[in-house]
Amino acid sequence: MEGGIIANNAIDGLVLDKPHTFRVHTKAYTDREVFEAEMGRIFEKTWIYVGHTSEIPNRYDYKTSYIGLQPVIVTRGDGDVINVFVNRCMHRGAVLCREAHGNAQQFDCPYHGWVYTNDGKLVAVTHKDEVGGYSADFDQPKGLFKVPKVEVYRGFVFASFNDAVQPLLQHLGRARTIIDRRLNQSPEGEIVLRSQPFVARYKGNWKFQTENIVDDYHFLFVHRAFVDLQSKYGDTTGNFGLHPGGNTAEMRKQRYRGNVWGTPQGHGILDAQLGTLEPLLTGRFAEHYKVLKDKYGEDELAWIAGRGIISMFPNMGMIHQQIRTWRPIAPDLTEVTIYPYALKGAPDAYNEGVLHAQERFYSPAGYGATDDMEMFAINHEGLSGRAVDWVLLERGVDTDTVLESGDVQGKPSSEACMRGFWRRWRQLMSEA
Ligand code: FES
Ligand SMILES: [Fe+2]
């Protein structure tokens, strides 16, 4: 599989990374050749998040997903083995499984009825021996195309078409700490994706979502209506523990806390320790937090209960209590799926409250997610002309610190996360 025809020197010119400045060319978001190269050089070369084990808890459960443009099926087979197959019939290429998830020992192709087992074997070619059927020498495919690399980290299933992809833990880097802290919010250290996800499409490039999930800078502007409502009506707008803060000044303070990191793997991270544990340890869910305090100590609990937002290169994020994925469909079309999750072992009322909080801000009728989608669309429209070349991603460029790990640490509203993404993007795009 090759990654498009665009030349490396053309790629290099799309990211301007110099002292005191950092700019990305408009074409990196809008150009079709760039998009095609991304499918080969990024989506087929690195680890791609394809699902969570709690979505397929039982033998023969499956879910469908994507690696770039490629539909795939994630299955749990005998012996709890998790496989990822290309969701394409070996006959004439129809998508084999059209359901989001389910349980099936076999998959029957909707087009001409070829049958595959849950572990990908082709077991029936319909009407094979009829007159006018297949030759005696028919070179029958053995089964579905299996994605060669699959690894699971604490329930997160990643797959890669690249046999030589780096070990998953190396790919996760600093993002692993954030995943651990999010999962350690559960007394059992596990999360469960059991609600139907929110799915939406926007008319814009996939990288807007990658950048936005760790962009604190936009919040007070894009979500102005929410901020105003919250200021005016406080918790009566239905605060289930998400976005606390009664007025704009308080929210601004909440926003610009902690640090951001852009990692060499291309991930963006935004994290801040909670200032005080007092409200948690005396509040409605005090028992739940005391269990965590005994397990991890106060300092670590302040991280666990802190912000912990990730944009995982290239297609997955964690924010509040959700896993979010985004999939490129075209240079100007992207699908976003938001999976709220429950904490295993946490009180039911807590998990219900968090789910309502997700509905409140991220659902199609919620306060927030639609605002962002609109920004992505107008961002793409703004970049569609050719009069201006550069997009500026240099906020905080002079206050970044490079850590020994190679992670670049910045102040909370710095664009260090985006710079981390684009440096990795350029590296992979140049490795044709
Ligand atoms: S395309 Fe699947 S059986 Fe023909
Ligand atoms: Fe937003």
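Just so you know, ligand 1 is whichever comes first in the structure, and atom 1 is the first atom listed for that ligand. Start at 1 with the first residue, then count along the sequence. Keep in mind that what you see is a predicted model, and the values were worked out from it rather than measured.
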- Task: Would you please say whether a donor-acceptor pair under 3.5 Å links the side chains of Glu211 and Trp422?
- Result: yes
- Item | For Trp114, the ligand 1 atoms whose distance to one of its heavy atoms is below 4.0 Å | 3 (S)
- Message: Tell me which N, O or S atom from His112 is the closest to atom 4 (Fe) of ligand 1.
- Response: ND1
- So, His223 and His218: side-chain donor and acceptor under 3.5 Å apart, yes or no? yes
- Distance filter under 4.0 Å to Gly113 heavy atoms, resulting ligand 1 atoms: 3 (S)
- Closest approach of any protein heavy atom to atom 1 (S) of ligand 1, naming residue and atom: Arg92 N, 3.3 Å
- Message: Side chains of Gln265 and Thr263 only: does a donor on one sit below 3.5 Å from an acceptor on the other?
- Response: yes
- Name of the His91 N, O or S atom nearest atom 4 (Fe) of ligand 1? ND1
- Item | Metal check, atom 2 (Fe) of ligand 1 vs Cys109 N/O/S, cut-off below 2.8 Å | yes
- Item | Contact flag Cys89/atom 2 (Fe) of ligand 1, N/O/S atoms, threshold under 2.8 Å | yes
- Message: Only to 10 degrees, please: what angle do the OD1 atom of Asp372 and the NE2 atom of His218 make about the Fe ion (ligand 2)?
- Response: 90°
- Scan Phe43, Phe313, Phe376, Trp425 and name whichever one has a ring pair (Phe, Tyr, Trp, His ring centres under 6.0 Å) with Trp206. Phe43
- Qualifying residue for ring pair (Phe, Tyr, Trp, His ring centres under 6.0 Å) with Phe107, from Phe85, Tyr60, Tyr62: Tyr62
- Item | Under 3.5 Å side-chain donor-acceptor pair for His356 and Glu359 | yes
